[in-house]
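For reference, the structure is listed below as structure tokens.
FYI, side chains are in, hydrogens and waters are out, and symmetry mates aren't considered; it's all heavy atoms of this structure. In what follows, chains are A, B, ... by sequence order, proteins preceding strands, each numbered from 1.
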Protein chains: 2
Amino acid sequence: MNDSGENGEKKRSRRPPQERTTQRDPERTRAAILEAATREFAENGMGGARVDAIAERAGTNKRMLYHYFGDKEQLYLRVLEEAYVGIRTAERALHIGDRSPEEGIGELALFTWRYFLQHPEFLSLLGTENLHRARWLRQSVRLKELHSHLIGELSQVLEQGKKQGVFIETADPLHVYLTIASLGYFYLSNQYTLSTIFGRDLIEPTHLNAWERHIVHVTLASIKR
Amino acid sequence: MNDSGENGEKKRSRRPPQERTTQRDPERTRAAILEAATREFAENGMGGARVDAIAERAGTNKRMLYHYFGDKEQLYLRVLEEAYVGIRTAERALHIGDRSPEEGIGELALFTWRYFLQHPEFLSLLGTENLHRARWLRQSVRLKELHSHLIGELSQVLEQGKKQGVFIETADPLHVYLTIASLGYFYLSNQYTLSTIFGRDLIEPTHLNAWERHIVHVTLASIKR
DNA sequence: CCATCAAGTAACTGTTTAGTTACCGGCTCG
DNA sequence: CGAGCCGGTAACTAAACAGTTACTTGATGG
């Protein structure tokens, strides 16, 4: 490229002042990148996210990002994995089997709705990943076993309800979970187009509360005898 | 097709042979661009879609695309508008008020599910548009009035059902539509991540049929007295 | 007390991309 | 018939982008 020439004894003096309080902290830098990447990917999708923007948001630069995560795709996969771990971990803490079957299902529905409401970035990441037909998620080994627990626990609650005669015999655990997730996901992730075409602001607290009650009502109505 | 002589007398001769059967047809070119754009935007989102790819898919080139549609954003909005017009037009042809209220709602649920199933590009476009918080749809004037008809007709059917004593008094038209749309949208648009994490191929005909029955069952169970 | 290594910075590079320009040729209407 | 318009082509350009390189700084164990 270029050598010293005029301005100094060293080979290349590209270095400006550097005012930054440079406290070194690998863990913090790593975490900052992950959090910044979560927001950037959630807001812009995989294709729209900018590596420069992630580095800037994290208060660091691209070099560190590539150092810790390899490349954009690997960083994205880490973000996605962490998002799944987040919801499944919170879900486990519910212990839906501790109450009556009806209460247990109602509680799972409430939890799912509220988690979606408080974590819009999770919904957004799911949307992006599905646009790409789970291209990155499929490569993840960590995620597969994380979900058998959910279906297992839900299955037990349903069985108990059937024995007690409160649930119909055809109730299926996967269907029940998909019903709950559908009603929460669609309402929130599509709120912008829906609010526009129907001329009603779906994110208003009144409407949010009404939909919360609706989800519990629909879920239970579909499995009660 | 080909000119004569030396071909070097003009100022600048950038022109290679040109073998194409150049039949001029503005309407066809326009339609081809729109269809190609629909596929490209659906597959890659607004950020991931490539203008060059659209032109190539349409069997034309970028110049024509900019000539007919202005720029990438305007083309995208046209694609989105056409997609909405498509589903709402097909929906109107149903005339859900012609049968019994229960049959009418069931039919709307079936129609919506099957339309989603046959038009994956529509679901994908909705996802992209919501990622961007309806940024482009909000600019559309054409779309607003298109949706009042749907809610109006649905409202009438529900009222009739309430009078006949088959539906509960609290049934709300927007909620009923959102329920139907939720169950179809989530299952299909998230099929890739869901199939991956639950280890079950949701697109298999057996599962599709089961979910179709489930949607009708849930919808009616949630409003029947 | 210095050799070494990890954390960090910013400028650079090759490629891709949206959008533009220079040019071509068939059809129609005066 | 011929002028000019409109549908069409391909090469060009400026900007943006993912990923790399050249280099600096601070801490620490021998």
Side-chain angles (χ1 to χ4, degrees), chain A residues 1-5 7-33 36-37 40-41 44-77, chain B residues 1-33 36-37 40-41 44-76:
Chain A
M1 321 279 151
N2 107 355
D3 56 314
S4 63
N7 68 354
E9 56 264 53
K10 277 291 173 186
K11 289 183 181 174
R12 208 178 185 185
S13 70
R14 287 204 205 137
R15 304 222 337 111
Q18 181 177 17
E19 292 284 317
R20 249 170 211 291
T21 43
T22 330
Q23 296 298 21
R24 296 186 171 211
D25 191 340
E27 274 318 304
R28 210 174 51 124
T29 302
R30 225 189 114 90
I33 292 172
E40 177 74 9
F41 284 124
N44 304 100
M46 174 62 181
R50 296 294 159 243
V51 173
D52 290 271
I54 295 170
E56 201 187 331
R57 281 181 141 169
T60 180
N61 58 63
K62 282 196 289 186
R63 177 61 219 271
M64 289 297 94
L65 190 155
Y66 284 97
H67 181 249
Y68 288 122
F69 295 97
D71 63 8
K72 189 183 177 183
E73 302 198 7
Q74 288 178 66
L75 174 57
Y76 168 78
L77 181 55
Chain B
M1 287 305 148
N2 130 8
D3 59 288
S4 56
E6 298 290 302
N7 88 352
E9 56 253 51
K10 278 290 173 186
K11 289 181 182 173
R12 207 177 180 186
S13 70
R14 287 209 205 128
R15 303 218 339 111
Q18 181 177 18
E19 293 283 320
R20 251 170 209 289
T21 44
T22 329
Q23 295 300 21
R24 298 185 167 207
D25 192 339
E27 274 319 305
R28 211 174 50 125
T29 302
R30 225 189 115 89
I33 292 172
E40 177 74 10
F41 282 124
N44 303 102
M46 174 62 180
R50 297 292 160 243
V51 173
D52 289 272
I54 294 170
E56 200 188 333
R57 282 182 142 169
T60 179
N61 58 63
K62 281 195 290 186
R63 175 63 218 272
M64 290 296 93
L65 189 154
Y66 284 97
H67 181 248
Y68 288 121
F69 295 97
D71 62 7
K72 189 185 178 182
E73 302 197 8
Q74 288 177 66
L75 174 58
Y76 168 76

Between D:dA10 (C1') and B:Glu56 (CD): distance, integer Å:
14 Å

Given the structure, check if the side chain of A:Lys62 and the base of D:dA18 hold any donor-acceptor pair shorter than 3.5 Å.
yes

Exercise: identify the closest heavy-atom pair between A:Tyr68 and A:Thr29
CE1-CG2, 3.9 Å

Nearest to the side chain of B:Thr29 - C:dA7, C:dG19, D:dG8?
D:dG8

Starting from C1' on C:dA18, measure out to CD1 on B:Ile54 and report it in whole angstrom.
11 Å

B:Tyr76 side chain near C:dA18 phosphate (N/O to OP1/OP2, under 4.0 Å):
no

A:Glu40 pairs by salt bridge (Lys or Arg N to Asp or Glu O under 4.0 Å) with which of A:Arg57, A:Lys72, A:Arg50?
A:Arg57

Separation of A:Arg30 atom CZ from C:dA6 atom P, in whole Å?
16 Å

Using side-chain heavy atoms (C-beta onward) and a distance below 4.5 Å, is B:Leu75 in contact with B:Ile54?
yes

Measuring to OP1 and OP2 of D:dG8, would you say a side-chain N or O of B:Tyr68 lies under 4.0 angstrom away?
yes

Looking at A:Asn61, I'd like to know whether one of its side-chain N or O atoms comes within less than 4.0 Å of OP1 or OP2 on C:dT9.
yes

Using a 4.0 Å heavy-atom cut-off across all strands, classify A:Ala49 as base, sugar-phosphate, or nothing.
sugar-phosphate

Could you tell me how far apart B:Arg50 (CZ) and C:dT15 (C1') are, to the nearest whole angstrom?
12 Å

Please report the distance, rounded to the nearest Å, between CE in B:Met46 and P in C:dT17.
14 Å

Short side-chain N/O contact from B:Arg63 to OP1 or OP2 of D:dG7, under 4.0 Å
no

On DNA chain D, compare the nucleotides closest to B:Met64 and A:Asp52; which residue's is nearer the 5' end?
B:Met64

Find the distance A:Lys72:NZ to D:dT20:C1' and express it as a whole number of Å.
17 Å

Spacing between A:Asn44 atom CG and D:dA18 atom P, to the nearest angstrom
11 Å

Which pair of non-hydrogen atoms, one from A:Phe69 and one from A:Gln74, has the smallest distance, and what is that distance?
O-CB, 3.1 Å

Whole-Å distance between D:dA15 P and B:Asp71 CG?
18 Å

Determine: side-chain N/O of B:Thr60 to OP1/OP2 of D:dG8, distance under 4.0 Å, yes or no.
no

Please determine whether the number of non-hydrogen atoms from other residues, nucleotides or ligands lying under 6.0 Å from atom CD of B:Glu56 exceeds 12.
no

